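Side chains included, hydrogens not; waters and symmetry mates left out as well; all remaining heavy atoms used. Bear in mind the structure is a predicted one, so any value in this text is a computation, not a measurement.
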Amino acid sequence: LPRPADPAPALPASVEVGVDGVVPFRVPNADFYRIDTALVVPQVDAASWRLRIHGMVERGLDLAWAAPNGLATYTLDGDLLAAMKASGCYRLHLAVESGDPDVLRDIIHKPLRLEMVTEVVSAAKRLGLAVDAFFVVGFPGETLDQIQRTFAFARKLDVDSVSLFIATPYPGTELETICRAEGYLMPDMPFDSLRVRRGSITTPEFVGADLERMVARELLWSKLRQAA
């Protein structure tokens, strides 16, 4: 490292108290850490908040980026997608979750209409963006007919790829609480074996192993469609 132009004065001896158990004022770099005490939850007014992507475009930076983690589809519109494209976005993943409106409203509690999904996909494709969609099946309260409606919606959606997952009751989640209360989990189920394509939940409507086969079959159909 370069030498400082204006070195700080030496620390006075009084900064070290020499008491057992008290961390010294000067510590090696490997032992240094910082505690951030600004633990204030951001307050955002959803009604008036807008995201404006413009700085990178004005400065002419040649950047490429993708959104792989599943965007909230109901937050997207043509203007935002165009700004994303102009700033270098080339691919986005949409967190659709279900192709059944009742599951979206009553089980997942997601403020999403399926018409929004098709509109966003169409707008993104017109801009030349690659689009992938995420779906999840196997929620408590979901019927086999509703699961089949999700498969059917995913099939007709004009996206580049479809990812299908099975609802997974991770420890501490609301889903785990519901499943335990209803007796939908094995009492001794090892949580370290949870996987997003493993059927861990069994309800009066479906058995976890059957869900695995259904999802595997749909994923195969999706791969064959992409290869065609």
Any idea which heavy atoms bring Ser200 and Pro169 closest together, and the distance? CB-CD, 3.9 Å
Leu175 vs Pro140 side-chain heavy atoms within contact, under 4.5 Å: yes
Do Glu97 and Leu112 have side chains that get closer than 4.5 Å, going by heavy atoms? no
With hydrophobic residues grouped by side-chain heavy-atom distances under 4.5 Å, do Trp221 and Leu219 end up in a single group? no
Applying ring-ring contact (aromatic ring centres under 6.0 Å, His included) to Phe134 and not counting sequence neighbours gives His93, Phe165
Same cluster or not: Val121 versus Tyr90, using hydrophobic residues (I, L, V, M, F, W, Y) connected whenever any side-chain heavy atoms lie under 4.5 Å apart? no
CG-OG1 distance between Leu185 and Thr202, expressed to the nearest 0.5 angstrom: 8.5 Å
Identify the two heavy atoms, one from Leu81 and one from Ala123, that lie closest to each other, and give their separation to 0.1 Å. CD1-CB, 3.8 Å
Would you say the side chain of Leu144 lies within less than 4.5 Å of the side chain of Met214, judging by non-hydrogen atoms? yes
Taking atom CZ of Arg149 and atom OG1 of Thr143, what is their separation to the nearest 0.5 Å? 6.0 Å
So which of Lys125, Arg126, Glu119 actually passes side-chain contact (heavy atoms from CB on, under 4.5 Å) with Ser122? Arg126
Determine whether Leu94 and Tyr74 fall in the same hydrophobic cluster, where Ile, Leu, Val, Met, Phe, Trp and Tyr are linked whenever their side-chain heavy atoms lie under 4.5 Å apart. yes
What is the distance from atom OG1 of Thr150 to atom CD of Glu142, rounded to the nearest 0.5 Å? 5.5 Å
With a 4.5 Å limit on heavy-atom distance, are the side chains of Glu176 and Leu194 in contact? no
Do Arg197 and Glu212 have side chains that get closer than 4.5 Å, going by heavy atoms? no
To the nearest 0.5 angstrom, please state how far the CD1 atom of Ile166 sits from the CZ atom of Arg195. 13.0 Å
Quick one, Phe139 and Gln146 - any side-chain contact, counting heavy atoms below 4.5 Å? no
Search all heavy atoms of Leu104 against all heavy atoms of Ser98 and return the closest pair with its distance. CD1-O, 3.7 Å
Measure across Cys89 and Leu129 and return the closest heavy-atom pair with its distance rounded to 0.1 Å. O-CD2, 3.1 Å
With distance as the sole test, does Ser222 use its side chain to make a donor-acceptor pair with the main-chain N or O of Glu218 at under 3.5 Å? no
Verify the cluster assignment for Ile178 and Ile108: are they in a single hydrophobic cluster under the rule of side-chain heavy atoms below 4.5 Å apart? no
Over all atoms of both residues, closest heavy-atom pair of Thr168 and Val196: OG1-CA, 3.5 Å
Tell me, do Val215 and Val137 make a side-chain contact under 4.5 Å, heavy atoms counted? yes
CG-CZ distance between Leu114 and Phe153, expressed to the nearest 0.5 angstrom: 4.5 Å
For the CG atom of Leu92 and the NZ atom of Lys85, what is their distance to the nearest 0.5 Å? 10.5 Å
Heavy-atom closest pair, residues Val131 and Ala124: CG2-CB, 3.6 Å
Quick one: does Asp132's side chain get under 4.5 Å of Arg91's, heavy atoms only? yes
